[in-house]
Structure formats: structure tokens, C-alpha cells
Amino acid sequence: MRTLDNFIDGQWRAPAGAARQPDVNPADTAEIVAESPRSTAADAAAAVKAAERAYPGWRATPAPQRGQLLYRVQRRMEARRDDLAEALTREEGKTLAESKGEVQRAINVVEFYAGEGRRLLGETIPSELPYNFCYTVREPIGPLALITPWNFPVAIPVWKLAPALACGNTVVLKPASLTPLSVALLADIFTECDAPPGILNVVYGSGGDVGEALLAHPAIRGVSFTGSNDIGNRLYGAGAARGIKCQCEMGGKNPIVVLDDADLELAVASAAQGAYGSTGQRCTATSRAIVVDAIADEFVERLEAKVQGLVVGNGLDPATDVGPSVDETQMNSVLDYIAVGKKEGARRVTGGARLTGDAHDRGYFLQPTIFDRVTPDMRIAQEEIFGPVLSVLRVPDVASALSVANAVRYGLAASVYTRDVSRAFTFVDQLEAGIIHVNSPTVGGEAHIPFGGMKATGVGLREMGREAVAFYTELKVVYLDYTGSARAGNLY
Ligand code: NAP
């Protein structure tokens with residue numbers, strides 16, 4: 001068990017208060033993986049001070065050199081990938097294979113933004129004014145707050161801090177209280193790579209105390225948040241009131257649409273992967289399967305057979321397909337939704353209960369669950385469940401498949417399964433989601449490809465890829481009159 005302090009100014013610093021929170025292994029609640037501080041506003045202020053102090057030096061460091069630090073971090077993460085993956089599984093619960101995938105994605109992100117240090121390009125633009133050289137430069141914003149959720153405790157902090165640092169900002173990161181250890185290992189790695197003190201600071205503690213304090217701090221010039229809608233929307237309002245840059249990536253209710261000409265085997269495999277992978281605790285998880293009537297019976301039958309073969313257990317066991325819910329509250333929230341689904345009259349095909357007996361008694365394990373004959377107005381068709389539950393909605397035709405797919409407030413990811421190119425492009429055109437997949441699952445993403453949602457899922461600019469640079473920089477326009485002739489009077 002590791003006792004964590006806050007990481008401020010390049011050092012592990014004891015918090016102002018003595019209160020600590022256990023980091024419990026959700027697959028084996030007897031194991032306390034770490035303990036993290038319940039920090040206060042004073043700790044948050046100390047971290048912001050460090051980020052403020054480090055900012056001028058880091059801003060002045062040439063961007064290619066900032067990228068060199070990230071290359072060192074990339075190599076160190078590669079060397080420590082097994083430690084990172086094991087810590088991730090122990091504190092979040094996902095399977096070791098899923099953790100290794102997440103760590104690899106984070107490594108790719110660091111590599112991509114290391115290269116961005118050599119590509120912080122501006123533009124030259126022809127001016128209307130004679131003898132004027134007009135160009136744009138990308139400058140950092142200042143000290144930033146990064147607030148992250150528990151479901152990707154390595155990848156999401158990394159996909160915020162890597163572009164933030166490459167662009168010359170300094171950061172204070174507040175990780176989710178449920179998963180503090182993964183970020184501590186990242187801070188260790190930055191230390192091992194001789195990162196300048198204060199460019200990356202980590203403050204543990206509740207969102208209500210530390211998150212709010214960061215957001216309200218006058219030295220914080222921007223905030224990148226990933227998490228739930230309730231918190232994100234409030235935070236966006238508070239950021240707007242302060243006039244600081246803000247991006248919030250939030251919930252999803254992602255559909256897979258299966259048309260009558262689909263490769264059914266492929267669609268069933270993708271639905272299972274999207275719905276039950278990472279225990280359904282992904283923002284991109286497949287939560288709805290919208291299936292045309294003609295093939296719905298066969299789809300449900302094949303899916304049921306597949307789901308019954310899934311092994312639920314401790315993610316450290318290589319035989320496990322589906323890990324636990326992250327904690328008891330999350331598990332109970334999923335069980336509540338299952339009760340709602342039954343009450344609303346959906347047909348439970350399989351699952352629907354907590355798993356007990358033997359090793360299952362030690363953790364928060366749920367049976368992978370399918371509901372059939374779900375209607376679009378039901379809560380289980382509308383609300384994010386964030387657990388291993390899939391709702392099947394049967395529709396008569398292609399047009400209703402499209403309207404049902406769009407009839408939710410979220411818009412993160414959507415998949416369509418068809419062999420007809422015209423239908424595929426119609427769905428690409430009409431689906432209301434930030435990420436569209438044709439014949440591939442709703443989940444996944446790549447370091448160099450933008451990520452984020454529309455409608456209630458996302459406000460602010462997209463994350464990852466080159467899009468992230470637009471969020472993590474200010475754009476400055478320069479007019480350089482190299483003869484002074486503009487003074488002759490043609491300004492307007
Ligand atoms: P959450 O409860 O909103 O928490 C997210 C972060 O915000 C945590 O660090 C939390 O701290 C902090 N926080 C809580 N209250 C706060 C406040 N008043 N002010 C500032 N910060 C505050 O979300 P979660 O349960 O960790 O994550 C699950 C949600 O994230 C799901 O809705 C999922 O869809 C979404 N998500 C979205 C994406 C995407 O890219 N669209 C990706 C992953 C996850 P504590 O941990 O201390 O509460």
C-alpha cells in the first residue's frame with residue numbers, strides 16, 4: 001500500500017490536513033491499494049502557486065525542447081508499462097489486457113504531442129495593407145486546471161497534460177478520488193525524466209473542495225474537465241463567468257445500429273465488446289443496440305449466447321473478460337437501473353443481478369445484462385448507465401433506426417452495421433454524434449485523431465489530435481509593417 005502526498009513543485013508534499021481516503025481494489029475489497037490525501041483549498045492554492053512560478057520559464061522553453069521532455073516521458077512509460085497497467089487494474093478493476101491497452105494509448109498520446117513540439121505552426125496570411133507581413137503564432141494560455149474521471153485514470157490525465165505541456169502551459173491535475181495511484185506513477189515518471197519543478201502538479205481531494213478551489217483561483221487561466229454532465233455543466237458555467245477557457249467532455253448513450261443487410265456475426269461481436277468491455281464503464285460504451293425487426297430475433301439470440309460465455313472476475317486473472325464495477329456506489333447505481341428496466345417492462349434476456357459466491361463476494365461484480373424490447377421513452381434507453389447493461393430497441397425500418405438513434409440528449413459515439421454504401425453514408429451524414437463508426441464498435445480512439453462529442457456530451461473544443469492544440473493555445477495575430485506606408489492612411 002502506498003501513502004500518497006500531493007505532488008507540488010516537483011516534490012511529494014504532505015497535505016495541510018491529516019484526512020486521507022483509501023484506494024480500494026474493487027475486485028478484492030480487502031486490498032487497500034493506496035491512500036490519498038483529502039486536500040483542502042490551501043493545498044490547491046499551493047499547487048497553483050507552483051504552476052504560476054514555473055510558467056514563465058516553461059513558456060520561454062523552445063517548443064521542440066518541451067517536446068524532448070515528452071519523448072523522455074514516453075520512453076519511461078514504455079519501460080514502466082507493466083507497473084502502470086497493474087496499478088490501473090488494481091484500483092479501477094478493468095482487465096489487465098484492457099489496462100495494457102489504455103497504457104499503450106497513453107504512450108501513443110505522449111509520443112504524438114512530443115512531436116507537436118516541432119509543429120506548433122502558425123500561418124502567414126496576405127494582408128490588405130501594402131508592405132505588411134501578417135502571421136499568426138500559437139502561445140500558451142497559462143496555468144491550467146485538469147480535472148479527470150476514474151474510468152481512464154492513465155489515458156485521460158495524459159491526453160490533457162501532454163498537449164497542455166507541449167504548448168507551454170503549466171498544469172495542476174486533480175485526479176478522481178477513486179483512482180489516485182495511476183496519476184502518482186505518472187508524476188514519478190516525470191520526476192525520473194527531470195521535468196522542471198512546477199510544470200506538472202497533482203492535488204488529491206474531493207471535487208467539491210479541490211476542484212472548486214482550482215476553478216475559482218484567479219491564476220488559473222483554463223480548465224479541461226472530463227466527467228459527468230451535472231458537474232461539467234456547472235463547471236462550464238463557472239468558467240464562463242470567470243471568462244477563462246473551458247472544455248468539458250461528458251456522458252454518452254451510444255448506439256450501435258444494426259440494419260437487415262449487416263454482417264450479423266460482426267455486429268454481435270461488436271455489440272458485446274462495446275457493451276461489456278471495461279465493464280461498460282466507458283464514455284463510448286455501447287449502451288443501445290437499435291436493430292431492425294427482420295433480424296432482431298437472431299441478433300438477440302446470438303448476443304445472448306455470446307454474453308453467457310463471458311467470464312466475470314478479477315481483472316488480474318487472464319481468464320477474466322469483464323471486471324468489477326469501480327465501487328459499491330457505482331454497482332448500486334447500475335443495479336438501480338436494472339430494477340428500473342424491469343419495472344418499465346423491458347424483457348430481461350440475461351443477467352440482471354450481482355454475482356456472489358467465492359471470489360465474487362470480495363468485489364463489486366455484476367452479471368452482464370441484456371434487456372430486449374426496450375422502447376425509446378424508457379429511462380434505460382435515455383440515461384447513461386455506466387455498467388455492463390445493453391438495451392435492445394427493435395425498429396421497423398431504416399428511417400426509424402436513424403430517428404431512434406438520435407432521440408437522446410447525448411452525442412458521443414455511434415456505430416452503424418450495413419453492407420450498403422448508400423445507407424452507410426446516409427447514417428454518417430445524419431447521426432448526431434462526434435465519432436461515427438461504420439462496421440466497427442463504438443469504443444476506441446487514437447492519439448492523433450480528435451475525440452469528443454456533440455449535443456449534451458461535449459462543450460468546448462475537441463480533445464486529442466491537432467484539435468487539442470487549438471484548446472491549449474491562444475492565437476496571436478501579428479501585423480508587421482516593414483516600410484511604415486500603412487500610416488499613410490489606408491487603415492480602417
Ligand atoms: P464526475 O463525478 O463528474 O467526476 C469527474 C471529476 O470531477 C472527478 O475528479 C471529480 O472529483 C471531479 N469533481 C466532482 N465534483 C466537482 C466539483 N464540484 N468541481 C470540480 N470538480 C468536481 O465523473 P466520474 O463519475 O468520475 O466519471 C464518469 C463520467 O465521465 C461518465 O458520465 C462518463 O461518460 C464521463 N466520461 C466522459 C468521457 C468523454 O470523453 N466524453 C470520457 C470518460 C468519462 P471526485 O472524484 O473527488 O468526485
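Order of listing sets the numbers, starting from 1, for every ligand and every atom in it. Keep in mind it's a predicted model, so treat the numbers as computed, not measured.
- Under the 4.0 Å criterion applied to side-chain N and carboxylate O atoms, R76 and E192 are assigned as salt-bridge partners.
- The ligand atoms of ligand 1 that sit less than 4.0 angstrom from a heavy atom of S177 are 45 (P), 46 (O), 47 (O).
- For L235, every heavy-atom contact with ligand 1 shorter than 4.0 Å involves the side chain, none the backbone.
- Salt-bridge check for E212 with R234: passed, with a basic side-chain N closer than 4.0 Å to an acidic carboxylate O.
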Donor-acceptor list for residues 405-413 side chains, cut-off 3.5 Å, not counting sequence neighbours:
unit_1	atom_1	unit_2	atom_2	d
N406	OD1	E432	N	2.9
N406	ND2	Q430	O	3.0

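- F386 counts as a contact of ligand 1, since one of its heavy atoms falls under 4.0 Å from the ligand.
- Of the heavy atoms in N229, none comes closer than 4.0 Å to ligand 1.
- In this structure, D5 pairs ionically with R20, as a charged nitrogen and a carboxylate oxygen lie closer than 4.0 Å.
- In the vicinity of G205, heavy-atom distances shorter than 4.0 Å reach the ligand 1 atoms 47 (O).
- The pair R362-E31 fails the salt-bridge criterion, with no side-chain N (NZ, NE, NH1 or NH2) lying under 4.0 Å from an Asp/Glu carboxylate O.
- Between the choices C283, G452, G458, the shortest heavy-atom distance to atom 36 (N) of ligand 1 belongs to C283.
- The ring-ring contact (aromatic ring centres under 6.0 Å, His included) check on W150 picks up F386, with sequence neighbours excluded.
- For atom 4 (O) of ligand 1, no protein non-hydrogen atom is found at a distance below 4.0 Å.
- For ligand 1 and R234, the ligand atoms under 4.0 Å from any heavy atom of the residue are 18 (N).
- Salt-bridge formation is detected for the pair D188/R2: a Lys NZ or Arg NE/NH1/NH2 atom is positioned less than 4.0 Å from an Asp or Glu carboxylate oxygen.
- Using a 4.0 Å cut-off to heavy atoms of F225, the atoms of ligand 1 that qualify are 3 (O), 5 (C), 6 (C), 7 (O).
- Listed by atom number, the atoms of ligand 1 under 4.0 Å from T226 heavy atoms are 5 (C), 36 (N), 37 (C), 38 (C), 39 (C), 40 (O), 42 (C), 43 (C), 44 (C).
- For ligand 1, the atoms sitting less than 4.0 Å from at least one non-hydrogen atom of S206 are 47 (O), numbered in the order shown with element in parentheses.
- A salt bridge does not link R38 to D209: none of the charged side-chain nitrogens sits closer than 4.0 Å to a carboxylate oxygen.
- At a heavy-atom distance under 4.0 Å, no atom of R282 approaches ligand 1.
- Proximity to N151 (heavy-atom distance under 4.0 Å) selects the following atoms of ligand 1: 43 (C), 44 (C).
- Heavy atoms of I156 come nearer than 4.0 angstrom to ligand 1 in at least one pair.
- Of the options R462, K253, E384, Q281, the smallest heavy-atom separation from atom 31 (C) of ligand 1 is shown by E384.
- Remark: K94 engages E102 in a salt bridge, criterion side-chain N to carboxylate O under 4.0 Å.
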